[in-house]
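Sequence lines set the chain letters: A, B, ... in the order given, protein chains first and strands last, and positions in each chain run from 1.
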2 protein chains.
Amino acid sequence: MENHRLQEALDSLKSTKVRMTPQRHAILEFLFNAKTHPTADDIYKALEGKFPNMSVATVYNNLRVFKEVGLVRELTYGDSSSRFDSNTSDHYHVICEDCGKIVDFHYPGLDEVETLAEHVTNFKVKEHRMEIYGACPECHKLKQH
Amino acid sequence: MENHRLQEALDSLKSTKVRMTPQRHAILEFLFNAKTHPTADDIYKALEGKFPNMSVATVYNNLRVFKEVGLVRELTYGDSSSRFDSNTSDHYHVICEDCGKIVDFHYPGLDEVETLAEHVTNFKVKEHRMEIYGACPECHKLKQH
DNA sequence: TATACTAATTGTAAAGATTATAAAGTAAGA
DNA sequence: TCTTACTTTATAATCTTTACAATTAGTATA
């Protein structure tokens with residue numbers, strides 16, 4: 001089923017003028033099969049076996065392209081580097097402040113927040129993001145010793 | 001009234017082992033009077049008149065200290081550098097994707113989200129953050145030409 | 001299938017933000 | 001005042017991301 005989403009992504013790229021290259025295919029494939037939310041460097045390291053000559057620039061370039069087309073979302077947390085998420089459907093992230101684990105979390109109906117924000121600020125609202133911070137079960141258990 | 005919040009912050013620092021220095025006082029004062037959400041470099045530049053010898057490291061060090069004590073919140077958006085917010089009471093930010101303007105936005109009752117996240121993920125939830133993205137009135141008007 | 005046009009990749013350098021380190025300075029309590 | 005531990009400073013180092021120019025490679029077209 002992950003392959004299904006990947007296939008959809010590949011198809012949607014065909015309809016643009018974005019060329020398909022082996023590197024792009026591999027980056028997309030990795031992102032769509034990833035259970036985690038990898039950094040650019042994670043992706044680079046994961047693919048250096050298959051593409052020993054691939055440049056980091058290629059990873060960054062393509063992540064930007066995928067972002068522009070809407071296939072990928074960039075997550076910027078407090079830590080040093082961005083993470084990338086192929087799941088662009090509406091969901092939020094619960095983040096462990098101790099070990100960095102990120103868990104997806106579905107919650108409906110924050111459209112109301114957007115609507116209210118529009119009225120109060122006169123902005124033309126496009127989207128929102130939310131993260132929930134805390135300790136994952138494992139880290140929490142450790143802290144209680 | 002800003003001075004009142006600043007005074008409270010200074011008092012709360014006295015109860016810790018955090019020493020008061022002229023640099024720390026100036027950084028806190030600047031943050032608590034700021035209408036915007038400045039970057040570390042903004043703060044550095046703003047204070048270099050008063051402290052020609054102050055190091056950037058001092059700004060970063062102290063922002064970290066203030067964060068640890070809970071006086072200051074760090075905001076990491078997509079762009080290169082973090083922003084800092086002295087207002088640690090619950091509020092959200094509405095951000096213009098074109099000009100970068102940030103407007104505070106009050107909204108109650110997302111405690112429910114935290115509660116649900118706890119139940120679903122078994123995390124021990126501590127806090128959450130949310131940002132709303134769009135175009136500010138000025139930028140939106142420009143785009144309609 | 002060969003050609004040509006244009007976009008993509010590579011390798012490296014550069015930029016920008018943040019942190020580490022060691023020496024010198026200073027706040028705060030005894 | 002003295003002492004100690006914390007802070008500041010100055011600089012170097014690190015880390016992430018982007019810029020750039022030369023080379024390579026998709027893809028549309030003939």
Return the 5'-most residue of the pair B:K17, B:P52 with respect to DNA chain D, ranking by each residue's nearest nucleotide. B:K17
Only one of A:L10, A:L6, A:L13, A:L31 forms a side-chain contact (heavy atoms from CB on, under 4.5 Å) with A:L71, so which one is it? A:L13
Take atom CD of B:E48 and atom C1' of D:dT8, then tell me their distance rounded to the nearest Å. 17 Å
Rounded to the Å, how far apart are A:L47 CG and C:dT10 C1'? 16 Å
Distance (rounded to the nearest 0.5 Å) between B:F105 CZ and B:I132 CD1: 4.5 Å
Starting at NZ of A:K14 and ending at C1' of C:dA7, how long is that distance when rounded to a whole Å? 18 Å
Measure CG/A:L63 against P/C:dA8 and give the value in whole Å, please. 14 Å
Nearest atoms (heavy-atom pairs only) where A:V56 meets A:Y44: N-CE1, 3.7 Å
Euclidean distance, atom CZ of residue A:R83 to atom P of D:dT16 [Å, nearest integer]: 11 Å
Mark yes when over 12 heavy atoms from residues, nucleotides or ligands other than B:H106 sit less than 6.0 Å from its NE2; otherwise mark no. yes
Taking atom C1' of C:dA8 as reference, at what distance in whole Å does atom NE2 of A:H25 sit? 17 Å
Does a side chain donor of either B:H128 or B:Y92 reach within less than 3.5 Å of an acceptor in the other side chain? yes
Please report the distance, rounded to the nearest Å, between CG in B:N53 and P in D:dT9. 7 Å
salt_bridge(B:R129, B:E131) N-O dist < 4.0 Å: yes
Please report how far the helix from C:dT1-D:dA30 to C:dA30-D:dT1 bends, comparing the axis fitted to its first five pairs with the axis fitted to its last five, to the nearest 10 degrees. 30°
Would you list the pairs meeting salt bridge (Lys or Arg N to Asp or Glu O under 4.0 Å) in which at least one residue belongs to residues 51-71 of chain A, sequence neighbours left out? A:K67-A:E74
If the sugar-phosphate is the primed atoms plus P, OP1 and OP2 and the base is the rest, what is the B/S/- string for nucleotides 17-30 of chain D, using protein heavy atoms under 4.0 Å? SBB-----BBS---
Phosphate contact (D:dT9 OP1 or OP2) by B:Q23 side-chain N/O below 4.0 Å: yes
Value in whole Å for how far the C1' atom of C:dG25 lies from CZ of B:F51: 15 Å
Are more than 12 heavy atoms from other residues, nucleotides or ligands located less than 6.0 Å from atom NZ of A:K124? no
Are a donor atom and an acceptor atom from the side chains of B:D42 and B:T39 found within less than 3.5 Å of each other? yes
